[in-house]
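The block underneath contains the structure these notes are about, expressed in structure tokens.
Atoms considered below: every heavy atom in the structure, side chains included; atoms not considered: hydrogens, waters and symmetry mates.
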Amino acid sequence: MKKLLAMILVLALSLTALTACGNKAKDEPSNGENVIGDTSNESDTEEKEDEAEKPVEEEPVEEEPVMDLGGMEIIIGDWWSSQEPAEPTNAMEEATLEYRQMIQEKYNFTIKQVAVSDWDGMQELFTTSTMAEDPAAHVFLLAPDWVSQPLANGLLYDLSTLESLDFTEDKWISNVTEKMTFGDSVYGMNAGKAEPKLGVFWNKRLFQEAGLNPELPYDLQASGEWTWGKFEEIAAKLTQDYNNDGIMDTYAMVSFSIDLFRGAVTSNDARFIGKDDSGKYYNGTLEPNFLEAMQWAVGLIEKGYEMPTPEDANWDWFISAFHDAKVAMRFAEVYNVSSLQDMDDDWGFVLPPKGPKAANYSAYFSDNVAVIPSSYDKETANKIAFAYNLWTEPTPGYDDPEAWKDNYYTKFRDERAVDETLTLMYDTAIENNDSVGMVYGTSYGDFAWNTYALVETPAEKIEQMQSVWQALIDDANK
């Protein structure tokens with residue numbers, strides 16, 4: 001028994017010693033070196049390195065098949081584009097051309113934008129060709145005033161049903177999308193940068209001769225003081241009879257009647273026809289802000305600031321009156337810069353002055369509307385929408401948010417028009433959209449013609465128009 005106990009004790013001590021040695025071998029010495037003869041760390045490291053060098057096998061990803069439009073030829077129809085595209089004149093235009101060639105090759109289609117009619121015939125061509133189920137274009141570009149009747153007659157495709165179009169994307173012009181949205185349906189679109197619209201041009205030389213700082217409108221706009229009151233103060237100084245013969249030698253202003261009245265309305269948080277949150281149209285001429293704006297505009301004429309229409313003058317005589325420095329200011333849209341390129345005097349451009357009911361400067365936008373005829377079947381409409389969506393994508397590599405300015409710098413005489421006025425129009429001015437034209441049968445001229453000629457007062461004209469316009473609005477709301 002003693003011998004047996006001694007042997008068990010020796011065996012237990014041996015096992016304890018072996019366990020201690022094993023643990024010691026696995027522990028890393030404090031000096032960071034391996035114990036002599038111990039290769040356990042080396043083998044573990046080699047195994048990990050071997051595993052790291054082995055390529056990781058990834059699950060195969062199925063690529064989405066490229067859509068094939070089957071060689072479809074798509075026409076975007078307008079009233080101004082040439083039959084052959086112009087050659088690129090700068091790097092961006094070259095990149096755009098390359099991008100559009102790429103998408104046509106990749107998705108097997110061709111697309112081009114050409115004039116399919118002139119201005120006078122565009123409305124009729126769209127209506128007749130769509131009703132005949134043989135549209136003259138796959139996508140039509142229509143002026144905003146042309147869409148109300150085709151919309152009411154069911155000739156516009158509901159774009160919200162086409163999966164290729166996502167109107168939450170930033171590229172779509174919001175004023176067009178909002179105007180063409182009814183409930184969950186969207187019937188028109190436009191992509192890119194909204195076209196800048198109405199403001200006031202002025203002749204810098206005539207300002208200087210009247211003792212005014214030629215940059216004054218810019219400075220007043222920048223300080224927030226460009227108001228109706230300041231506009232009138234300036235107009236009084238610019239209307240001059242220099243030789244005291246009782247005939248004015250220079251007038252403060254002249255404008256197309258619609259531009260003058262639309263500028264006044266826009267600047268006072270008013271509108272001719274509005275659209276409420278439920279999508280229904282209403283008569284904006286009945287609101288106090290509208291009457292106040294019209295009375296101010298008519299007051300400018302009554303006070304003699306507006307140059308009278310010469311006898312036997314053409315309807316567009318006001319264009320040359322400003323160009324030839326017979327007047328110092330003009331309410332007009334931005335596209336009129338084309339008529340001022342050869343003007344001798346320098347000129348500037350600001351937003352309409354603020355009315356008393358406006359919280360900030362206001363701007364209105366009214367861009368052309370791209371529509372797909374409703375006569376196409378769903379499959380064809382989807383292909384058209386797919387191609388048009390690609391066509392209107394921003395040019396890759398040219399997504400600089402300031403790039404839009406480059407085109408306008410060449411059209412204006414000074415950078416302030418672009419850096420201050422147009423930037424203000426896009427960034428901080430209140431967007432004031434008017435729905436005239438969306439109600440078929442209404443137009444700005446209904447109010448403007450006799451009121452501008454001082455045949456009727458604004459209040460009289462509003463009263464005269466009320467029943468007619470209300471009937472048209474009620475019909476549109478159906």
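Side chains of Trp228 and Pro353 form a contact here, defined as non-hydrogen atoms less than 4.5 Å apart. Using a 4.5 Å cut-off on side-chain heavy atoms (C-beta onward), Lys378 and Tyr157 make contact.
A salt bridge links Lys383 to Glu379: at least one charged side-chain nitrogen sits closer than 4.0 Å to a carboxylate oxygen. Between Asp414 and Lys204 there is a salt bridge, since a side-chain N of the basic residue sits under 4.0 Å from a carboxylate O of the acidic one. Under the 4.0 Å criterion applied to side-chain N and carboxylate O atoms, Arg413 and Asp346 are assigned as salt-bridge partners. Using a 4.0 Å cut-off between charged side-chain N and carboxylate O, Lys275 and Asp277 make no salt bridge. A salt bridge does not link Glu225 with Lys230: every distance from a Lys NZ or Arg NE/NH1/NH2 to an Asp or Glu carboxylate oxygen is 4.0 Å or more.
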Stepwise side-chain hydrogen bond (donor to acceptor under 3.5 Å, both in side chains) test for Glu333 and Tyr364: CA-CA 10 Å; Glu333 294 191 11; Tyr364 94 96; 2.6 Å; yes
Go through it in stages, so that I can follow the logic: the residues are Asp78 and Ser81, the test is side-chain hydrogen bond (donor to acceptor under 3.5 Å, both in side chains), and I'd like the CA-CA distance, side-chain angles, deciding distance and then a yes or no. CA-CA 7 Å; Asp78 62 33; Ser81 295; 2.5 Å; yes
Full working for side-chain hydrogen bond (donor to acceptor under 3.5 Å, both in side chains) between Glu456 and Gln464: CA-CA 10 Å; Glu456 294 166 307; Gln464 183 191 97; 2.6 Å; yes
Give the intermediate values and the outcome of side-chain hydrogen bond (donor to acceptor under 3.5 Å, both in side chains) for residues Asn432 and Thr266. CA-CA 6 Å; Asn432 188 340; Thr266 299; 4.9 Å; no
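Partner of Arg262 under the side-chain contact (heavy atoms from CB on, under 4.5 Å) criterion, out of Val265, Asp259, Leu260: Asp259 alone. Of the candidates Leu472, Thr285, Val439, Val439 is the only one forming a side-chain contact (heavy atoms from CB on, under 4.5 Å) with Ile273. Of the residues listed (Tyr305, Trp202, Phe231), the one engaging Phe331 in a ring-ring contact (aromatic ring centres under 6.0 Å, His included) is Phe231, and it is the only one.
Taking a 6.0 Å sphere around NZ of Lys461, one finds it holds more than 12 heavy atoms contributed by other residues, nucleotides or ligands. No more than 12 heavy-atom neighbours from other residues, nucleotides or ligands sit within 6.0 angstrom of NZ on Lys106. Within 6.0 Å of atom CD in Glu124, 12 or fewer heavy atoms from other residues, nucleotides or ligands are found, so the atom counts as exposed in its surroundings. By the 6.0 Å contact criterion, CD on Gln341 is enclosed, its count of non-hydrogen atoms from other residues, nucleotides or ligands being greater than 12. At most 12 non-hydrogen atoms from other residues, nucleotides or ligands lie less than 6.0 angstrom from CD of Glu463. Taking a 6.0 Å sphere around NZ of Lys237, one finds it holds 12 or fewer heavy atoms contributed by other residues, nucleotides or ligands.
Residues Trp404 and Tyr426 bring their aromatic ring centres within 6.0 Å. The ring of Phe386 has its center closer than 6.0 angstrom to the ring center of Tyr107. Taking the six-membered ring for Trp and the full ring otherwise, the centers of His138 and Tyr388 sit at least 6.0 Å from each other. Aromatic pair Phe349/Tyr408: ring centres not closer than 6.0 Å.
With values rounded to the nearest 0.5 angstrom, Asn368 atom CG is found 8.0 Å from Trp146 atom CH2. Separating the OH atom in Tyr361 from the CE atom in Met425 is a distance of 12.5 Å, to the nearest 0.5 Å. Taking OG from Ser257 and CH2 from Trp315, the interatomic distance works out to 10.0 Å, rounded to the nearest 0.5 Å.
Evaluation of the ring-ring contact (aromatic ring centres under 6.0 Å, His included) rule for Tyr444 yields Phe272 as partners, not counting sequence neighbours.
A donor-acceptor pair under 3.5 Å links the side-chain atoms of Glu306 to the main chain of Ser255, judged by distance alone.
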List the atom pairs, donor and acceptor, that lie under 3.5 Å between side-chain atoms in residues 173-181 and the rest of the protein, sequence neighbours left out.
unit_1	atom_1	unit_2	atom_2	d
Asn175	ND2	Asp367	OD1	2.9
Thr177	OG1	Ile173	O	3.3
Thr181	OG1	Thr177	O	2.5

